[in-house]
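One structure, pasted below without further comment.
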Amino acid sequence: MDPLNLTALPPDLLLEVISCLPSRTDILNLALSSKVLFTNACAILYAHVHLGTTEQCQRTLSMLCSRPGIARHVQKLQIRFSSSRPTYFADINGITISTLLRELAPKLDALHTFIWDADEIPQCDEMWFALRMSCPRLRTIGMCYGSVMPDEHSHLLDFKNLRGFSLTLKYGYYIHHADEFQDALPFEGRLWDMLVRSSLNLEELHIFGGPLIPDGKVHPLCNARWPLLHSLSLGDIMLDWSAPLSDAGSKRPFITFLEAHQRLRSLRTSRTALSPHLIPSLDPSALSQLTHFAGSLEHLQALVPSHPKITHLAIEEPLIIRDLAPLIVTGVLQNLRCLTDLRIAFIFHSSYESGSLVKSLIGACPGVTTLEITCAKRPSFRVGTLAKSISALPRLRHLRLTLVPSGNEDSLRDCASQIAHANPRLHLFTLIFIPAWLPLSHTPVNFGFYDESGNYVIRTDEHGHPHSLSCTERRPALRLPFRFPSIPIPLAVPRLSFSPFTSRPPFLLKEMNMKTQHFLLDLRPGKRKRGGLGLVLERSAAGEEARMMTVLVALSGLALWSFFG
């Protein structure tokens, strides 16, 4: 057998070889080189299908309907689209996509996870019936409620034996059902019957946003018991605040719920669902396996003394920094010696150029491998300052930086180059420049309203030195001359979570057209623009030496000119 002929390998061995490729792009390029390779690579290429636009949904779903040999490999399918057109067009898109899914369902033999993440529920409710009857392995579903709610006999609430469930309330729900905030969700009884009585082995539950319930009632969640539950995310659901206690020594129903679920490893909560002052009432042995946590700083302060083994942390409420005020968060982070993933956001009311903020974070958590920092409202620090500071993190591999750039900040490409040179151990990083008017206190920053952004992958040589940067940069095609108004939402919105369900903000303003540019930036010194003005103006050690030599040569020339003149 020819050792270079991959198509001659047994299918199982060939699949193992393909799975070792570092990226899906490499797998796709290899698959397109041969029909045999494409047939074997389909199991990997189409295992997880994420569709993000209406055009992509219609085109891909139509292809899968006509190619059952490919559709049978789909294990996870996520439908995510939003329409900036009038409601009529949104309804047409929803009907078309949900009808295609109903036709495709009998061909999705391996499907185990389905997420519908659109602005409205599927207009074709028979889609849920087709998925339930045709996909025997489907055990995880994600759903959203918008301006239109499911009817009383919706097939969505007929699933049984679920392992994971996600519900997101979109902006349309708050606009069209504002008078129902004090009431439960329509047909909530059927919803909780499906989750509590028909899904005893539920492992993951995620509810982003949520209505308040009438006074004097305990939310059905508090009375549920799922022995295998390991991931829980809750929005603004009032669980038991108004419930009377039987005696002075009794605990709140939700506290009892947490103590009963000892397998919980991931917890995201809100102030409405869990007041920080109730956390000390938890039994010291409760949540012994907790490693992922997302909540407010007050939640973290109460939780850290008894749970120092948290590895993934998201402080969802932005911390307000005024002048050089000391950061309380660093004192809390110092107790998390196992922390590897940190996501945090700041709001600045004045410029903060000293860089001590980043240095304090690095000193508090030196073992992080993933770091996400958001700095809003005002310019905080230059990217070059951050690049030098994070070089003290030897294990850092992923970085996401979102900030308001200063007036003299370098270009996005130069900033990326500085980070790559100062931190060659990084695998990939993201830079996002946002405007100062972005209302971070109300909205996340990951929905497209930014000045420019870039995703970068560092490529190194055999010695570990960076030699090139794979870049994908996006900029608005048209600059907007106005500001989007800050839209207050009655309930807090999900910002960061560790769930497998990707959630969008509960409202989505009209997205701008973006120009995307893909290119490869050479980082090797010998390949830079050398000589003349290019090297003199370069912001690097070589540029500083060139400028010094230029000054010395100029001074020597002046000295010789004055001597002979």
message = Check whether H299 reaches the backbone of T269 with its side chain - one donor and one acceptor, N or O, closer than 3.5 Å.
response =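 No, because the side chain of H299 does not come within donor-acceptor range (under 3.5 Å) of the backbone of T269.
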query = Does the H219 side chain pair with the main chain of L221, one donor and one acceptor, at a distance under 3.5 Å?
reply =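 Yes: the side chain of H219 pairs with the backbone of L221.
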key: From R163 atom CZ to E204 atom CD, the distance as rounded to the nearest 0.5 Å   =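 The CD atom of E204 is 11.0 Å from CZ of R163, to the nearest 0.5 Å.
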query = Under a 4.5 Å cut-off applied to non-hydrogen side-chain atoms, are I141 and S166 in contact?
reply =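 Heavy-atom side-chain distance check fails, nothing below 4.5 Å.
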request  = Test side-chain contact (heavy atoms from CB on, under 4.5 Å) on L342 and L333 and set out the steps.
outcome  = CA-CA 10 Å; L342 175 62; L333 295 178; 4.1 Å; yes
task = From the options T374, L313, L319, select the one residue that forms a side-chain contact (heavy atoms from CB on, under 4.5 Å) with I344.
result =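 Considering T374, L313, L319, a side-chain contact (heavy atoms from CB on, under 4.5 Å) with I344 is found only for L319.
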key: Side chain proximity check, F381 to V358, heavy atoms < 4.5 angstrom   =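 A side-chain contact exists here, since the closest heavy-atom pair is under 4.5 Å.
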task = Would you check if P280 and L282 make a side-chain contact, meaning some heavy-atom pair closer than 4.5 Å?
result =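 No - every pair of side-chain heavy atoms lies 4.5 Å or more apart.
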query = Is there side-chain contact between E372 and T402, with at least one heavy-atom pair below 4.5 Å?
reply =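 Answer no - side chains too far apart.
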Nearest heavy atoms of A286 and Q262, plus distance in Å =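 Smallest interatomic distance, heavy atoms only, reads CA-NE2, 3.7 Å.
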request  = To the nearest 0.5 Å, tell me how far L267 CG sits from F293 CZ.
outcome  =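 Taking CG in L267 and CZ in F293, the distance rounds to 5.5 Å.
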Heavy-atom closest pair, residues E409 and V383 =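 Closest approach of E409 to V383, heavy atoms only: OE1-N, 3.1 Å.
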inquiry  = I want to know whether Y456 and F429 have ring centres closer than 6.0 Å.
reply    =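 Y456 vs F429: aromatic centres under 6.0 Å.
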message = Tell me if a side-chain donor or acceptor on T340 pairs with a main-chain N or O of T311 at a distance below 3.5 Å.
response =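 Yes: the side chain of T340 pairs with the backbone of T311.
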ask   = For the side-chain contact (heavy atoms from CB on, under 4.5 Å) test, which of N408, V404, L403 pairs with P379?
value =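 With P379 as partner, N408, V404, L403 yield a single side-chain contact (heavy atoms from CB on, under 4.5 Å), made by V404.
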ask   = Do H50 and K76 come within less than 4.5 Å of each other through their side chains, counting heavy atoms only?
value =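 Answer yes - side chains close enough.
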inquiry  = Evaluate I255 against D283 for side-chain contact (heavy atoms from CB on, under 4.5 Å), listing each step before the verdict.
reply    = CA-CA 9 Å; I255 295 295; D283 189 272; over 6 Å; no
query = Going by atom types only, do S468 and D522 share a side-chain donor-acceptor pair under 3.5 Å?
reply =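 There is no such pair between these side chains.
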request  = With rounding to the nearest 0.5 Å, note down the distance linking OG in S406 to CZ in R378.
outcome  =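 If I round to the nearest 0.5 Å, the distance is 13.5 Å.
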query = Roughly how far apart are L169 CG and F208 CZ, rounded to 0.5 Å?
reply =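 Reported to 0.5 Å precision, the distance equals 11.0 Å.
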query = From S266 OG over to L264 CG, what is the distance, rounded to the nearest 0.5 angstrom?
reply =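 Going from OG on S266 over to CG on L264, the span is 8.5 Å.
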key: Minimum heavy-atom distance I458-N423, with the two atoms named   =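 Result for this residue pair: CD1-O, 3.7 Å.
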key: Over-ring placement of R413 relative to F519, 6.0 Å and 45° cut-offs   =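 Pair R413/F519 counts as cation-pi.
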query = Between the side chains of H206 and S233, does any donor sit under 3.5 Å from an acceptor?
reply =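 Yes - a donor-acceptor pair under 3.5 Å links their side chains.
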ask   = Any Lys/Arg nitrogen of E259 or K251 sitting under 4.0 Å from an Asp/Glu carboxylate oxygen of the other?
value =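 K251 and E259: salt-bridged.
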request  = Could you tell me whether a side-chain N or O of T113 sits under 3.5 Å from a main-chain N or O of T140, the two making a donor and an acceptor?
outcome  =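 Side chain of T113 to backbone of T140: no pair is present.
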query = What do the steps show when you test I79 against D117 for side-chain contact (heavy atoms from CB on, under 4.5 Å), and what is the final call?
reply = CA-CA 6 Å; I79 305 298; D117 189 13; over 6 Å; no
inquiry  = Restricting to non-hydrogen atoms, name the atom on L258 and the atom on L287 that form the minimum distance, rounded to 0.1 Å.
reply    =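 Where L258 meets L287 most closely, the heavy atoms are O-CD2, 4.0 Å.
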ask   = Any idea which heavy atoms bring L205 and L229 closest together, and the distance?
value =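 So the two residues come closest at N-CD1, 4.2 Å.
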task = Quick one: sort the H292 and H312 rings into parallel, tilted or perpendicular, breaks at 30° and 60°.
result =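 Taking H312 first and then H292, their aromatic rings lie parallel (interplane angle under 30°).
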task = Could you tell me whether the side chain of P466 reaches within less than 4.5 Å of the side chain of L523, counting heavy atoms only?
result =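 Contact flag for L523/P466 side chains = yes.
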ask   = What are the two closest non-hydrogen atoms of R474 and T516, and how far apart are they?
value =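 Heavy atoms only, the tightest pair is CG-OG1, 3.7 Å.
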message = Under a 3.5 Å distance rule, please check whether R337 uses its side chain to pair with a backbone N or O of P308 as donor and acceptor.
response =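 No; judged by distance alone, with no hydrogens or angles, the pair does not exist.
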ask   = Is the closest side-chain donor-acceptor distance between D414 and S417 under 3.5 Å?
value =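 No, no side-chain donor-acceptor contact under 3.5 Å.
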query = Would one find more than 12 heavy atoms of other residues, nucleotides or ligands at under 6.0 Å from atom CZ of R397?
reply =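 More than 12 heavy atoms, drawn from other residues, nucleotides or ligands, come within 6.0 Å of this atom.
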inquiry  = Could you tell me if the side chain of L399 sits less than 4.5 Å from the side chain of T430, heavy atoms only?
reply    =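 No - every pair of side-chain heavy atoms lies 4.5 Å or more apart.
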inquiry  = Are the side chains of E298 and I279 in contact, using a 4.5 Å heavy-atom criterion?
reply    =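 Side chain of I279 against side chain of E298, heavy atoms only: no contact under 4.5 Å found.
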inquiry  = Taking A273's backbone N and O only, do any of them form a donor-acceptor pair with S270's side chain (distance below 3.5 Å, no angle check)?
reply    =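 Yes; judged by distance alone, with no hydrogens or angles, the pair exists.
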ask   = Is R271 paired with D236 through a side-chain N to carboxylate O contact shorter than 4.0 Å?
value =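 A salt bridge is absent here (no side-chain N lies under 4.0 Å from a carboxylate O).
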message = I'd like to know if E316 pairs up with R343 as an ion pair, taking the criterion as any Lys NZ or Arg NE/NH1/NH2 lying under 4.0 Å from an Asp or Glu carboxylate oxygen.
response =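 Salt bridge: no.
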message = Assess the residue pair L21 and L30 against the criterion (side-chain contact (heavy atoms from CB on, under 4.5 Å)); give the C-alpha distance rounded to whole Å, side-chain angles, the decisive distance to 0.1 Å, and a yes or no.
response = CA-CA 9 Å; L21 293 177; L30 177 63; 3.8 Å; yes
key: Distance, nearest 0.5 Å, that separates CD1 of I362 from CG of L393   =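 Reported to 0.5 Å precision, the distance equals 4.5 Å.
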